[in-house]
Amino acid sequence: MSGVPQRTLLLWCPDWPVLAAEIVDGVPATDPVVVLHANRVVACSEQARAEGIRRGLRRREAQGRCPHLTVVDHDPGRDARAFEPVVAAVEEVVAGVEVIRPGACATAARGPSRYLGGEEAAAERIVEHVAQSCAVESQVGIADGVFAAGLAAREGRIVAPGGTREFLAARPVETLGRPALADLLRRLGVRTLGDFAALPAGDVLARFGFDGALAHRLAGGRDDRPLAVRQPPADLIVTADYDEPVDRVDAAAFAARTLAELLHERLAGYGLACTRLGIEAVTAHGQELHRVWRHDGLLTAAAIADRVRWQLDGWLTGSNGRGGTRPARPTAGIVRLRLVPDGVLAQAGLQPGLWGETGAERERAHRALSRVQGILGPEAVVTAVLGGGRSPADQVRLVPWGDERVPARPGPPPLPPASPAAAPPVPAGSVRGVASSRPVPAGSAAAPASGVTPSRPAAGAAPGAASAPVVVPPGGRAGRRAGRGRAMAEPPWPGRIPPPSPAVVLPAPLAADVRDAAGEPVVVSARLAVSAAPARLTVGDGRPAEITGWAGPWPVDERWWAPAEARRRARFQVSLADGAALLLAVEGGQWLVEAIYD
């Protein structure tokens, strides 16, 4: 650590977390906006600062100063993703860029200053290029070392060589970015970086430790840490231009095979394999076509060629405009074809099946379904993925064939049906749940059995009406003991319908009317008290049907902390005289048919 600090050029984007929220989420940065972390302001827009908001304020205090404040949660991943195009734009002008943090990157100033005509010209060129390429305002600071260059960038200043120590001397100790050390130094009477740098290095090391000694070197302008430059991503895209437009399937197949082999060779040269492939084409009339293919394994050269051929076949033999399910065919042949490896992994090889041909049928089915996708689009072939949720519609997610099969909501496996023999006797005036695909027999009322036990009926409730349930672990004490060794990362989804699931979930619930034996509407109170036993059900404009059995209610109170997204409803299972079994829900006084049991 005895070297001379490197002359450093640092680009800084003011209020970057706010700009990242605007770029990714569309939050207008011209309005009063704050970014919160741990309920404190970590960044704010210029308009918010005009309202008196500063970093470190609590959320309530910030909203008190500006009632119409827009609040955004801190997301480091969002900040990094939004900053990647800025870094790429800087790398188009200079080489050897190090990302300090999202919103700031640095490079050695010697090279840019030599081939761009000086440090000031290099700073102006970089700021202008970032503004034109990314529409982002930035400032550049140049000084000896990364620390001083970061402070100079906040002022858009170029510190003369050898003048870094004087530039830092008048700065407060808080600029070191070490709150605990700064507080201790102030209590000791050391208020500026110049005062701190004047202390003997040995005494600082003995009193403040290694981190204090490193801060002491920074305060004295002796930041000799070398830049850890970023390795630019390899250019893996392959492109082919054709003098004669490709408008025949056989010519497209030949072009696909040649380009696929070129892409595979380029990936193999970097020790990579493709898992997600983007196919782009440009026609002679300037029409641009794009499609992304995903695969649950590694795409070989033959697999890449097949997908490119299928996709070109789908484009060139599309609909002629007279209707049909195929997309419209291009108006001219293809003059440019480009393959983009959108997802790559380190080449590790694939393990074949243990029994040789095991899985061959699955591979043939995969090829057939993938070809259908090439003709009709990725959304034409979908598979269901089960996950967590409180209602049957929430537990199923349809994903295109070949996409990663990740559930939309995490959840535990379905609970086993309750054993009737293990159920305790039902006291008078209470109810018991069932876990069956059919509601309970006629004349009975039931509450959930899947981890839910009914409490005492509410005051004023009708006899046999279910009151608010209490969630308990399934199986009582034995269930609690068995669950101690199970990971608790998956949410329990209280209020979910017990298994088995309905056979048909309606895409849009049907309006229904439920009445009791006296012909009065059945009402569920806020305390889940049912006014009377359901007796007749009318779906839409149909004829009334007799209800022979029912179970419920299963209450759901979701997102109560967000009034605009809050939803409160109760669900029932009912069986009808004609043998049908339905899943009903009542929300805002309106009965709905959500699903049908087999």
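Heavy-atom basis, side chains included; hydrogens, waters and symmetry copies ignored.
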Could you walk me through whether V35 and W16 pass the side chain to side chain contact (heavy atoms under 4.5 Å, CB included) check? CA-CA 10 Å; V35 179; W16 181 252; over 6 Å; no
Given side chain to side chain contact (heavy atoms under 4.5 Å, CB included), test R171 with F196 step by step and report yes or no. CA-CA 10 Å; R171 309 267 169 185; F196 187 38; over 6 Å; no
Audit row: R125, E92, salt bridge (Lys or Arg N to Asp or Glu O under 4.0 Å) steps and yes/no: CA-CA 11 Å; R125 173 71 178 276; E92 294 176 359; over 6 Å; no
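Between A215 and L176, the closest heavy-atom pair is O-CD2, 3.8 Å. Taking every heavy atom of both residues into account, T192 and A170 meet most closely at CG2-O, 4.2 Å. Shown here for A149 and A143, the closest heavy-atom pair between the two residues is N-CB, 3.7 Å. Across every non-hydrogen atom of L116 and A121, the tightest pair is O-CB, 3.2 Å. Shown here for S138 and P14, the closest heavy-atom pair between the two residues is CA-CD, 4.3 Å. The two residues I53 and C44 have their closest heavy-atom pair at O-SG, 3.9 Å.
More than 12 heavy atoms of other residues, nucleotides or ligands shown are found within 6.0 angstrom of CD on E166. Heavy atoms from other residues, nucleotides or ligands lying under 6.0 Å from CG of D73 number 12 at most. No more than 12 heavy atoms of other residues, nucleotides or ligands sit less than 6.0 Å from atom CD of E120. Environment of CZ in R110: sparse, with no more than 12 heavy atoms of neighbouring residues, nucleotides or ligands closer than 6.0 Å. No more than 12 heavy atoms of other residues, nucleotides or ligands sit less than 6.0 Å from atom CZ of R336. Other residues, nucleotides and ligands place no more than 12 heavy atoms under 6.0 Å from the CD atom of E137. At most 12 non-hydrogen atoms from other residues, nucleotides or ligands lie less than 6.0 angstrom from CH2 of W560. For CZ of R65, the number of neighbouring non-hydrogen atoms (other residues, nucleotides, ligands) closer than 6.0 Å is greater than 12.
Proximity of a side-chain donor or acceptor of S45 to a complementary backbone N or O of D31 within less than 3.5 Å is detected. Judged purely by atom type and a 3.5 angstrom limit, T107 uses its side chain to pair as donor or acceptor with the backbone of A95. Formation of a donor-acceptor pair under 3.5 Å by the D223 side chain with backbone atoms of F147 is found in this model. Although no hydrogens or angles enter the test, the distance criterion places a donor-acceptor pair under 3.5 Å between the side chain of R55 and the main chain of V42. Side-chain N or O atoms of E51 include none that pairs as donor or acceptor with a backbone N or O of C66 at under 3.5 Å. With hydrogens and angles ignored, the 3.5 Å screen pairs no side-chain donor or acceptor of R157 with any backbone N or O of A152. Side-chain atoms of H290 do not come within 3.5 Å of backbone N or O of E280 as any donor-acceptor pair. Checking side-chain atoms of S113 against main-chain N and O of A109 turns up a donor-acceptor pair under 3.5 Å. Side-chain N or O atoms of H216 include one that pairs as donor or acceptor with a backbone N or O of L199 at under 3.5 Å. Without hydrogens or angle criteria, H264 side chain to I304 main chain gives no donor-acceptor distance under 3.5 Å.
At a threshold of 4.5 Å between non-hydrogen side-chain atoms, the residues V335 and D241 do not count as touching. Counting heavy atoms from C-beta on, the side chains of L184 and R207 come closer than 4.5 Å. With contacts defined as side-chain heavy-atom distances shorter than 4.5 Å, the pair R338/I237 qualifies. You'll find the side chain of D211 reaches within 4.5 Å of the side chain of R178, heavy atoms only. Two residues are said to be in side-chain contact when any heavy atoms from C-beta on lie closer than 4.5 Å; I279 and L339 meet this criterion. Considering only heavy atoms from C-beta on, L11 comes within 4.5 Å of V130 through its side chain. Contact annotation: the side chain of T239 never approaches that of L337 to less than 4.5 Å [non-hydrogen atoms, C-beta and beyond]. Between V159 and I142 there is no side-chain heavy-atom pair separated by less than 4.5 Å.
Among the candidates V41, L36, V34, the single residue satisfying the side-chain contact (heavy atoms from CB on, under 4.5 Å) test with L57 is V41. Here the options are V71, L19, L69, V18, the test is side-chain contact (heavy atoms from CB on, under 4.5 Å), and the partner is V33; only V18 passes. Of the listed residues (L236, L262, V238), just one forms a side-chain contact (heavy atoms from CB on, under 4.5 Å) with L267, and that residue is L236.
A salt bridge links R567 with E587: the closest approach of a Lys/Arg side-chain nitrogen to an acidic carboxylate oxygen falls below 4.0 angstrom. In this structure, E22 does not pair ionically with R78, as no charged nitrogen and carboxylate oxygen lie closer than 4.0 Å. Ion pair D195/R191 not flagged as a salt bridge, since none of the NZ, NE, NH1 or NH2 atoms sits closer than 4.0 Å to an Asp/Glu carboxylate oxygen. Note on D15 versus R49: salt bridge recorded, some NZ/NE/NH1/NH2 to OD/OE distance being below 4.0 Å. A salt bridge links D144 with R7; the closest basic N to acidic carboxylate O contact falls under 4.0 Å.
Seen from the ring of W12, R154 counts as a face-on cation partner, given the 6.0 Å and 45° thresholds.
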